[in-house]
Amino acid sequence: MRKHNGKQLYGIQKFLAILKIGMHRELKQLSIRQKLAMNYVSKESKLTQIGDKIYTNTFTPYFPSLAYDRFLKGVISVASGKPLPVVTNFAITPQCPCNCWHCSFSDRSKKDILSLEQLKKAISHAQDLGSSVIGLTGGEPLLREDLEEIIASIDKRSMPIMFTTGYKLTRERVKRLKRAGLEIPVISLDHYEAGIHDKGRRKAGIFEYALNAIRLFQDEGFYVAVSFVPDKPLVSDRKELFKVIDFFKDIGINDMRLTSPILSGKLTARPEEKLSADNVETIFEIQKKCTRTKGYPGVFAYDFFESERYYGCGAGFNYMFIDSQGNVCPCDFTMLSFGNILERPLPEIWAETSGHFNTPGPSCYANISNDVIFSKRKEEWPLRKQATLEVLAECPSYHEKRLPEFYKRMGWLDSKN
């Protein structure tokens, strides 16, 4: 068993931390009702302190920081009906040593990728638009030799995170990534058995690379997260599923992104992979158990937070994704686009995107729109502007009578009346 970095806050320690955070100047302007709404969702996250930094999850900058200030400002903005890309992910390369069974990037172009200067410009624009979390994904980001320069270009307005398989990671590179400013590494890990993880990722030895990366990042004092994508058979086997969660606890993971299979990329035409209602309730149980039990990692389960009961889906509303070719998409999994940053300025494309995705949806839009998007499929994703408009006409990104609970509690309906 390996002890995780930092101290999980419970009892009086958690109360005092919440009290301190609650005194933030951005929160003082909120009504009691709105503060209760913020607490309604934030109480479902675990607080972990490492040094003088308090972490909530991989979608929230640590407190205190300029990025956290901007995060609160962004959340308040979107809760009042003003779209803002609080989180922006960049796929900085399409290249990857794996060929995962669920890969959402599989049908995107593997041709030329954005240059360092093009990425720096786009990152700056995303920060200007209000992004407080910048995620670097792929493909495998470690395959870019200029990864450290990309991370270093993200100034203090945003918290940099990186998604990786851990492929061929060395201690020396971890140190370079830390000096560059990386804040949270998110390592792909799906099981406690090497053979099962390797099979799912279609790469022999990738389990050992993942474990090695976790240890190296822990040794350097990082808040370490895993990206966990359980398939339907695993979620249906409660005993086995909870053994995997216990494994994450035992190896000292701080945080877990629990992403259920999404009907995108390789799974676009495979609705049978989608979790059942009973499966989703199991995911809710994991979220609650891990948050409330000492020692377990914090959890951000998409099925939980993107449900109508909490935040809903923020694709194109409070979230933005830019692929390795420069296509701007509502999220990593929604294969739609209003433009490419090599052809039009990012702020202009975001304005058009958020003009159509101007209300949070009650559930994952990629899953809702899957059939319609697939019917218009081209050789490569994403669909271009005209097809995107056609998809939105047939399958709106939100439901007029099903607003997520957080936005109701924040007074969204009042502001629209």
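These numbers come from a predicted model, not from an experiment. Just so it is clear, the values below take in all heavy atoms, side chains as well, and ignore hydrogens, waters and symmetry mates.
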For [Y], does its backbone N or O pair with a side-chain atom of [X] as donor and acceptor, under 3.5 Å?
| X | Y | value |
| --- | --- | --- |
| Asn358 | Pro83 | no |
| Thr334 | Leu336 | no |
| Asn57 | Gly298 | no |
| Gln218 | Ile251 | yes |
| Lys46 | Gln8 | no |
| Ser307 | Phe304 | yes |
| Glu208 | Gly205 | no |
| Glu348 | Pro345 | no |
| Asn367 | Ile262 | no |
| Gln95 | Gly139 | no |

* Pairs satisfying ring pair (Phe, Tyr, Trp, His ring centres under 6.0 Å), at least one member in residues 136-159, at least two apart ->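 Counting only pairs at least two positions apart or across chains, no ring pair (Phe, Tyr, Trp, His ring centres under 6.0 Å) contact touches residues 136-159.
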
* Asked: Does anything in residues 140-183 pair up under ring pair (Phe, Tyr, Trp, His ring centres under 6.0 Å), and if so which pairs, sequence neighbours excluded?
  ->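 Checked against ring pair (Phe, Tyr, Trp, His ring centres under 6.0 Å) - neighbours excluded - the pairs reaching residues 140-183 are Tyr167-Tyr209.
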
[X] to [Y] - nearest heavy-atom pair and separation:
| X | Y | answer |
| --- | --- | --- |
| Asp323 | Gln325 | OD1-N, 2.9 Å |
| Pro141 | Leu147 | O-CD2, 3.7 Å |
| His102 | Lys266 | C-CB, 4.5 Å |
| Tyr365 | Pro396 | CE1-O, 3.4 Å |
| Trp350 | Met320 | CE3-SD, 3.6 Å |
| Phe338 | Ile349 | C-CG2, 4.1 Å |

Strictly under 6.0 Å, is that where the ring centroids of [X] and [Y] end up?
| X | Y | result |
| --- | --- | --- |
| Tyr40 | Tyr310 | yes |
| Phe59 | Phe305 | no |
| Tyr55 | Tyr62 | yes |

Using distance only, find each side-chain donor-acceptor pair of residues 221-234 under 3.5 Å and give its atom names and separation, not counting sequence neighbours.
| unit_1 | atom_1 | unit_2 | atom_2 | d |
| --- | --- | --- | --- | --- |
| Tyr223 | OH | Asp255 | OD2 | 2.5 |
| Asp231 | OD1 | Leu234 | N | 3.0 |
| Lys232 | NZ | Lys274 | O | 3.3 |

* Hey, mind stepping through Phe317 and Tyr398 against ring-ring contact (aromatic ring centres under 6.0 Å, His included) and telling me if it holds? -> CA-CA 11 Å; Phe317 176 68; Tyr398 60 92; 9.5 Å; no

Any side-chain heavy-atom pair of [X] and [Y] under 4.5 Å:
| X | Y | value |
| --- | --- | --- |
| Arg108 | Pro94 | no |
| Gln49 | Gln13 | no |
| Met159 | Ile184 | yes |
| Leu177 | Leu142 | yes |

Atom [atom1] in [X], atom [atom2] in [Y]: separation rounded to 0.5 Å?
| X | Y | atom1 | atom2 | result |
| --- | --- | --- | --- | --- |
| Asn318 | Cys313 | CG | SG | 8.5 Å |
| Gln287 | Thr282 | CD | OG1 | 13.5 Å |
| Ser158 | Gln127 | OG | CD | 3.5 Å |
| Asp371 | Lys376 | CG | NZ | 12.5 Å |
| Ile214 | Leu189 | CD1 | CG | 5.0 Å |
| Ile123 | Ile154 | CD1 | CD1 | 4.5 Å |

Can you give me every donor-acceptor pair (side chain of residues 241-249, partner residue at least two apart or in another chain, under 3.5 Å) with its distance?
| unit_1 | atom_1 | unit_2 | atom_2 | d |
| --- | --- | --- | --- | --- |
| Lys243 | NZ | Tyr192 | OH | 3.2 |
| Asp246 | OD1 | Tyr296 | OH | 2.6 |

* Would you please classify the geometry between the Phe71 ring and the Tyr68 ring as parallel, tilted or perpendicular, with 30° and 60° separating the classes? =>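 Tilted, since the angle between the ring planes falls between 30° and 60°.
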
* To do: Give a yes-or-no answer on whether the side chains of Arg144 and Thr93 include a donor-acceptor pair shorter than 3.5 Å.
  =>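 No, no side-chain donor-acceptor pair sits under 3.5 Å.
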
* So, Tyr10 and Arg292: side-chain donor and acceptor under 3.5 Å apart, yes or no? ->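 Arg292 and Tyr10 do not have a side-chain donor-acceptor pair below 3.5 Å.
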
* Asked: Between Glu405 and Arg409, is there a salt bridge with N-O shorter than 4.0 Å?
  ->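 Result for this pair is yes, salt bridge flagged.
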
* Salt-bridge test for Glu148 and Lys178: reply yes if a basic N is under 4.0 Å from a carboxylate O, no otherwise. =>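 Looking at Lys178 together with Glu148, the answer is no, because their closest N to O distance does not fall below 4.0 Å.
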
* Taking Asp128 as the fixed residue, which of Lys121, Arg157, Arg70 is the one that meets the salt bridge (Lys or Arg N to Asp or Glu O under 4.0 Å) rule? ->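 So the option named by the test is Arg157.
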
* Derivation and outcome, side chain to side chain contact (heavy atoms under 4.5 Å, CB included), residues Trp381 and Leu383 -> CA-CA 6 Å; Trp381 300 116; Leu383 297 179; 3.9 Å; yes

* Under the side chain to side chain contact (heavy atoms under 4.5 Å, CB included) test, which residues partner Glu308, sequence neighbours left out? ->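 Pro362, Arg402.
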
* Lys/Arg cation over aromatic Phe207: Arg201, 6.0 Å, 45° cone ->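 So Arg201 doesn't make the cation-pi contact.
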
Name each donor-acceptor pair under 3.5 Å that joins a side chain in residues 129-136 to protein atoms two or more places apart or in another chain, with its distance.
| unit_1 | atom_1 | unit_2 | atom_2 | d |
| --- | --- | --- | --- | --- |
| Ser131 | OG | Pro85 | O | 2.6 |
| Ser131 | OG | Thr88 | OG1 | 2.7 |
| Ser131 | OG | Ala126 | O | 3.2 |
| Ser132 | OG | Val86 | O | 3.4 |

